[in-house]
Amino acid sequence: MRIPKTASATALGALGAVATLALPGSASAQTVEFPQIQTLFYGGACWGNIRTWADTGPDYPGRAVLNIQSLPIQGVGPGDYPLAPLCEVDTTVAWRNVGTGATGDYHVTVVSGIYGSILYSLFQDTGPGHIEVTVTTNNAATPVHGSFDVLGPPPEAPKPAPVDEKTADRSARVGSTDPSTPLDEKTGTVRPADTDTSVEDSPA
């Protein structure tokens with residue numbers, strides 16, 4: 001008979017709960033729940049259902065939060081209170097990005113009792129796209145499947161149009177709208193137009 005790893009499972013679940021609470025709120029955030037998996041537990045003659053789901057949103061593009069939580073279990077356990085068993089089962093949510101082929105999984109030992117379990121949560125770097133998941137346990141259970149979509153980063157702002165050299169050259173001709181106005185090659189400024197400085201001969 002296996003002894004539930006209560007301490008380690010509780011610590012993992014607490015970290016997951018903190019991660020979930022830290023998520024920023026967004027009107028576009030989505031929660032997609034997968035089918036519940038029915039499974040036997042270790043630590044006694046225990047059985048029950050486990051919920052799994054994904055949280056996504058524009059505040060964390062290319063990533064998703066996977067969540068695992070057991071509903072109240074039934075059965076008989078060891079110890080002084082056999083009708084209030086505390087049992088465990090290893091649960092895995094394996095995911096695959098259909099578009100990129102990237103894979104990963106969230107694995108945790110779920111410790112549950114007559115009131116269910118704490119919430120276990122963890123970020124997954126799935127990348128943007130359509131994600132398919134398979135949920136399994138290490139005890140007798142039929143795997144379940146689900147899917148969800150992850151948003152990508154927002155599109156980049158359009159780049160400014162390239163500058164036309166001819167247009168830039170004309171704009172440098174300060175004070176004149178005539179493109180034929182000459183420029184001083186040394187200073188880059190408008191060269192004064194040639195003026196007639198000759199003086200007419202005055203009568204004697």
Side-chain angles (χ1 to χ4, degrees), residues 1-26 29-75 77 84-98 100 102-151:
M1 180 182 298
R2 296 178 61 187
I3 300 175
K5 305 171 185 176
T6 307
S8 61
T10 301
L12 287 172
L15 290 175
V18 171
T20 301
L21 292 176
L23 294 178
S26 173
Q30 291 187 344
T31 297
V32 178
E33 185 155 355
F34 315 131
Q36 296 181 10
I37 183 170
Q38 297 180 335
T39 182
L40 295 178
F41 284 70
Y42 292 103
C46 307
W47 64 92
N49 287 15
I50 294 178
R51 297 174 57 220
T52 54
W53 67 95
D55 292 319
T56 63
D59 293 320
Y60 38 102
R63 309 183 74 195
V65 180
L66 294 183
N67 305 275
I68 302 175
Q69 186 175 38
S70 172
L71 298 178
I73 63 173
Q74 301 178 16
L86 186 64
C87 300
E88 68 171 30
V89 66
D90 291 348
T91 304
T92 300
V93 180
W95 57 266
R96 181 175 71 91
N97 189 314
V98 176
T100 65
T103 60
D105 62 72
Y106 179 32
H107 175 86
V108 66
T109 300
V110 177
V111 178
S112 186
I114 58 174
Y115 299 109
S117 76
I118 60 177
L119 173 63
Y120 303 84
S121 301
L122 190 67
F123 268 114
Q124 299 287 303
D125 293 321
T126 60
H130 187 68
I131 313 299
E132 294 182 346
V133 300
T134 300
V135 184
T136 58
T137 71
N138 69 334
N139 207 329
T142 301
V144 298
H145 305 275
S147 64
F148 62 98
D149 294 311
V150 175
L151 299 174

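The model shown is predicted, which means the values in this text are computed figures rather than measured ones. We use all heavy atoms of the structure for the numbers below, so side chains are in, but hydrogens, waters and symmetry mates are not.
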- Task: Go through the steps for Phe34 and His145 under the test side chain to side chain contact (heavy atoms under 4.5 Å, CB included), then give the verdict.
- Result: CA-CA 7 Å; Phe34 315 131; His145 305 275; over 6 Å; no
- Note on the structure: For Phe123 and Tyr60 the tightest heavy-atom approach is CE2-CD1, 3.7 Å
- Task: Could you grab the distance from atom CG of Asn49 to atom CD of Gln38, nearest 0.5 Å is fine?
- Result: 4.5 Å
- Task: Go through the steps for Asn67 and Asp55 under the test side chain to side chain contact (heavy atoms under 4.5 Å, CB included), then give the verdict.
- Result: CA-CA 8 Å; Asn67 305 275; Asp55 292 319; 3.1 Å; yes
- Item | Worked verdict on Thr134 versus Glu132 for side chain to side chain contact (heavy atoms under 4.5 Å, CB included) | CA-CA 7 Å; Thr134 300; Glu132 294 182 346; over 6 Å; no
- What one should report as the nearest heavy-atom pair of Ile73 and Cys87 is CD1-CB, 3.9 Å
- Task: Locate the shortest heavy-atom distance separating Thr109 from Asp90; write the atom from each residue and the value.
- Result: OG1-OD1, 2.7 Å
- Query: Do side-chain atoms of Asn97 reach the backbone of Pro128 as a donor and acceptor pair under 3.5 angstrom?
  - Reply: yes
- Task: Would you indicate whether the side-chain heavy atoms of Phe41 and Pro85 approach each other to under 4.5 Å?
- Result: no
- Task: Look at atom CD of Gln30 and say whether more than 12 heavy atoms of other residues, nucleotides or ligands are closer to it than 6.0 Å.
- Result: no
- Message: One pair to check against side chain to side chain contact (heavy atoms under 4.5 Å, CB included): Val135 and Ile50. What are the steps and the verdict?
- Response: CA-CA 10 Å; Val135 184; Ile50 294 178; 5.9 Å; no
- Query: Between Ala84 and Ile114, which heavy-atom pair has the shortest distance, and what is it?
  - Reply: CA-CG2, 3.8 Å
- Query: Got Leu151 and Thr56 here, is their nearest side-chain heavy-atom distance under 4.5 Å?
  - Reply: no
- Message: Could you measure the distance from the CZ atom of Arg96 to the OG atom of Ser147? Nearest 0.5 Å is fine.
- Response: 11.0 Å
- Item | Approximate separation, where rounding is to 0.5 Å, of Ile68 CD1 and Ile118 CD1 | 11.5 Å
- Provide the closest heavy-atom pair for Tyr106 versus Ser121 in the form atom of the first, atom of the second, distance. OH-N, 3.3 Å
- Item | Spacing of Ser117 atom OG and Glu88 atom CD [to the nearest 0.5 Å] | 12.0 Å
- Mind listing the closest non-hydrogen atom pair of Trp95 and Asp105 along with its distance? NE1-N, 3.5 Å
- Item | Close side-chain approach of Phe148 and Val133, heavy atoms under 4.5 Å | yes
- Query: Is there a side-chain contact between Val93 and Tyr120 (heavy atoms, below 4.5 Å)?
  - Reply: no
- Message: Testing Thr92, Asn138, Thr91, Thr136 one by one against His107 for a side chain to side chain donor-acceptor pair (under 3.5 Å), which residue passes?
- Response: Thr92
- Query: Out of curiosity, Leu119 CG to Trp53 CH2, how far, rounded to the nearest 0.5 Å?
  - Reply: 5.0 Å
